[in-house]
Every structure is written in C-alpha cells, then in structure tokens.
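Structure record follows, encoded as structure tokens.
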Protein chains: 2
Amino acid sequence: MIEIGEVTVPAATVARLPFYLRALRDLLSDGVTTTSSSGLAERSGVGSAQLRKDLSYLGSFGTRGVGYDVETLASSISAALGLGSEHRLAIVGVGNLGNALANYSGYAARGFRLVALIDADPDVVGRSAAGLEVEHSDRLEEILAARGVSMVILATPGAAAQAVAERIVACGVREILSFSPVALQLPDDVVVRSVDVAGELQILAFHAAARHAQSGDAVGVDGDPAVAGVQPSA
Amino acid sequence: MIEIGEVTVPAATVARLPFYLRALRDLLSDGVTTTSSSGLAERSGVGSAQLRKDLSYLGSFGTRGVGYDVETLASSISAALGLGSEHRLAIVGVGNLGNALANYSGYAARGFRLVALIDADPDVVGRSAAGLEVEHSDRLEEILAARGVSMVILATPGAAAQAVAERIVACGVREILSFSPVALQLPDDVVVRSVDVAGELQILAFHAAARHAQSGDAVGVDGDPAVAGVQPSA
DNA sequence: TAGATTGTTAATCGATTAACAATC
DNA sequence: TAGATTGTTAATCGATTAACAATC
C-alpha cells in the first residue's frame, strides 16, 4: 500500500494507473468524451469491477447511470500520478539499451524531461543522443546536482550497477528504474523498479514448458494474471 | 497458479525464479559451491522464508543443516524454467528499442536463439543487427514458420501492435514479450508479458508524489513490494 | 550430541471478484 | 419512471511471513 495524504492506495492499483491513463488518452484522441467502467476496463485489459475499485482509492470521478468524463478522469489520474510537475531524468549507462531509451520520444508528453546522459566508457562519452551529449560518470554527482535530477534510469552492465546506484542515491535520488539484472541493495526509502528482459523471456519459457508438459503429461494454467491474453505491467 | 505435471506453481513464484537463477550463476562464477536459503535470498532480494517456499513448489533440493549445492540448484531451476530446450526467438519491430534488444548478447547463454528480425519500414528492412538481416513484415508468416519461431519480442509502435500480434498468434506463437504500451486482446491461451517503460516511470512519479505529500501533508508508504530498496521483477 | 538449516504448516495479509444498494 | 452505471461491501482467493518440527 502507498499512502497519500489520508488515502491509501494498494501497490497493485498504482501499477495499473498508467494503463488507465493510456486508454483514456487513446479515447480522447478518438474524440470519445464519455466512457463506462466496462468500456475503459476492456481497453485497459482488466475487469470492470477492478477498475472501479482502483478508482475508488483515488476518489469518486464518475456519474451513476452515465459513466466517466474521459478528460476529467484522465486529469485526475494524471494528477494522482504526480505528472503535473516535471520530473527531471538522467540515463546512466548509455550502451545499446540506454541509447535506445534516450531516443524514446515520449518523455515530454508524460511529464518527464531527460536532462543528462552519463557513461563510464570513454568511447561513449562525447557522443550525442536526443540533443544531449554523453558525459563522463566521474562527474556524476556534479551533473545530477546541477541539473536537479530526481529520477534515474540505470542501464549499466550488471557488474557496475550496485556501485553506481549507491552514488546516485547519495545524490538524493530516491526513484530508480533499473535495467540491470541485479538485486540492488539500497536504503528502504529508495524506490527501485526493475525491468529484466532476459528474466521476462525465462518466465515465458516456463509457460511454454508448462504448455508442453500439459499436452501429453498433465499440465494446466490457472488464475495467473500473466497468463491471460491481456494483462497489465509486469 | 501454473500447473506442471502434478505440480502447481504460483505465478508470483515463477516470476522470481529468474532472480534465483541469476544469483546462483553469480555464486558459481565466484567459485561458491554451497549456499543457504538466507544467503541466496539476500542476493536475490527476497526473504529466506519466501525463497524456501518458492523452491518447495518445484521440489526438495537442499540438505537440512547444510544448505543447497549451488550447481545442482541452478540446474534444477533452469530445468523448471524450460531452459534445457532452445527457444527460437524473433524480434518484430526493429526501431530504436528493437535494435537494442537485437544487440543484446545474453540470449544464447540463457537458452534463447534469435533467428529473425522483422519490420514494416522499408528504410529498416535490409539493415543488419546481431548477424541477421531485417526482413519485411509482408513475409512474417513465412519467416516465423520457416525458422520455427516459438517466441516473439514485439517492439512495434503501439498503433501496429494489435494487428501484428494477431498475425503472430495465427502462426502458432503462444508466448509474446511486448514493449508496446497497449493492452493486446488475444486468445486466453496466449501468454503476454508486457514491459512499459513510460508506465514504470509513471509509477515512480507516483511514489515521488507520495513522498512529497508525506513531508508537509501526511503521506506514507506501506507494504509495497515495489517500495523496498530491492525487489523482484516488475 | 549440538548446531544449523531445510521443508512445511498455519496465520496473516493483501488483492480480486461478485453482487448490489445508491443514484443519475 | 425505467434503465444504466457507479461506488462500496462482503466473500473469495492468492501470496507472504513466521514459526517450528524434521533432519542433516
């Protein structure tokens, strides 16, 4: 659970808010002004009861008998997600993946501003991407402070991740999105979200193995949120 | 839950197996031959009770009073994940991100073999990455069949994702790792894992907002697996 | 034997789902 | 009013945690 003011929002709910927001924005750009919990739920890949329950943690945004105003609900969720204020973002580790993430064009539209690219490799330092020059990690502390970075995407090799993460945290950063496949050991007040591509593939491999064991042996799949044709964020 | 043979494995457990496997491989390369549930749990970023419970779904691999043989346990988890057989992988959508994923060097070591790169953009078709040439999506069906693809990484723009996913599923592929931020509507027997970078950043933004509301307003964080300094896969 | 550590049980906790009263 | 749809309650379900007997 995550408490905001007097309100407590389950972690699982928070993880679904971006889905609702995206579905609402899609509706908006289709010119749809009103939607129901079942319509929005279908677009988001969840059940309508779950959608209504999730929204109920944030407040009461709909009209009984009518549904939700798409624009109002989008603003409310966006506000709940703290997307009103700009979040200044640095990418640390500008290899293949870091570079691809730097070139992602959706940051601004979502309230994020990429303000620094940092790497330890002299061959990478000095290159530019997304209008920024890659700077040397020797100057990490200085750069994070000067640019007011509050969030970091960590895309270094696994071996470097822990040490770099500690330096980042020492600069006061408390939100990290890590692509390094290691369990970072950091203070409890630091929020780390991890994306592990190889791990995701292994989970898929497990499902494939279960499927094969099933036909011929006796296997089935049951109640796994990751197993439905559609499902929210890992 | 996911049933394998007579055994049922909770989805949450499956999602942690890759962490244990990685930690075990790290131990192996450090020359460590034996570990305890608490030692391995710490490396994996989970509690020791959870680790033992997770392993108990797969079987009994340790020795009371002693611990686990690192190599044996790694093999057992690897087998459970179905990494014994090779999984043939295609990347559909070879933009920034798809290209970065193509250049990822860890597939082979993890039992995956990248056998095709497919894109719809004539400017991208014909380029090469990771020793493969990007082929046109007009020939998607033909390519997936000819190469025996069983798993696909989908990294197309959101607008194309649903249609392309349907074609992929029509080819018999049942495991998809999607980087497109849309809720794919696919048959229930298709397993979709989704990675949404912008969504992850939004979740971090929510935590940042909660933190700020906390100091000065009254907010706290409570029991969120994503909130601990270390935590498993999104 | 004494110490250590597993595997499992039972209790707790959190998340999901179904149903429905409130109400537009 | 009749129909529709929300917001919420209560029941179910699944996951985590703590504790401990089994046993090396």
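Just so we're on the same page: letters track the sequence lines, and every chain starts at 1.
A donor N or O paired with an acceptor N or O is not found under 3.5 Å between the base of D:dT5 and the side-chain atoms of A:R64.
When the P atom of D:dA19 is taken as reference, atom NZ of B:K53 falls 16 Å away, rounded to whole Å. Nucleotide D:dT6 holds its P atom 14 Å from the CG atom of A:D54, rounded to whole Å. When the C1' atom of C:dT8 is taken as reference, atom CG of B:L51 falls 14 Å away, rounded to whole Å. Rounded to whole Å, the distance from CZ on A:R52 to C1' on C:dT16 is 13 Å. The distance between atom CZ of B:F61 and atom C1' of C:dT8, rounded to the nearest whole Å, is 15 Å. Look at CG on B:D69: it is 15 Å from C1' on C:dT6, rounded to the nearest Å. The nearest whole Å value for the distance from the OH atom in A:Y20 to the P atom in D:dT6 is 13 Å. Atom-to-atom, CG of A:L55 to P of C:dT17 comes out at 15 Å; the value is rounded to the nearest Å.
For D:dG7, the OP1/OP2 oxygens have a side-chain nitrogen or oxygen of A:S60 closer than 4.0 Å. Proximity of B:Y68 to the phosphate of C:dG7: a side-chain N or O atom is located under 4.0 Å from OP1 or OP2. Phosphate contact (OP1/OP2 of C:dT6, side-chain N/O of B:S37, threshold under 4.0 Å): present.
The minimum heavy-atom distance between A:S180 and A:G158, with the atom names listed, is CB-CA, 4.3 Å. Scanning both residues, A:I153 and A:L101, for their nearest heavy atoms gives CG2-CD1, 3.9 Å. Pairing each heavy atom of B:L17 with each of B:I77, the nearest pair is O-CG2, 3.9 Å.
Closest to the side chain of B:S36, from the set C:dA10, D:dG7, C:dT6, is C:dT6. When the nucleotides C:dT9, C:dA15, C:dG7 are ranked by their closest atom to the side chain of A:P10, C:dA15 comes out on top.
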### Query
Can you check side-chain contact (heavy atoms from CB on, under 4.5 Å) on A:Y104 and B:N96, steps first, answer last?
CA-CA 8 Å; A:Y104 172 64; B:N96 271 326; over 6 Å; no

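Between A:A49 and A:V66, it is A:A49 whose nearest contact on DNA chain C lies nearer the 5' terminus. In terms of position on DNA chain C, the residue among A:Y57 and A:G65 whose nearest nucleotide sits closer to the 5' end is A:Y57.
Side-chain contact between A:V197 and B:V195 is absent, with no heavy atoms from C-beta onward closer than 4.5 Å. B:E166 has its side chain within reach of B:L186: a pair of non-hydrogen atoms, C-beta onward, lies under 4.5 Å apart.
Base pairing in DNA chain C gives the following stems of 3 or more Watson-Crick or G-U pairs, range against range and under 3.5 Å: C:3-24 with D:3-24.
Looking at A:Q202, its side chain never comes within 3.5 Å of a backbone N or O of B:R110 through a donor-acceptor pair. A donor-acceptor contact shorter than 3.5 Å links the side chain of A:R211 to the backbone of B:D189.
Heavy atoms of B:G67 sit under 4.0 angstrom from primed sugar atoms or phosphate atoms, though from no base atom. Using a 4.0 Å heavy-atom criterion, one finds that A:G47 contacts no nucleic acid atom at all.
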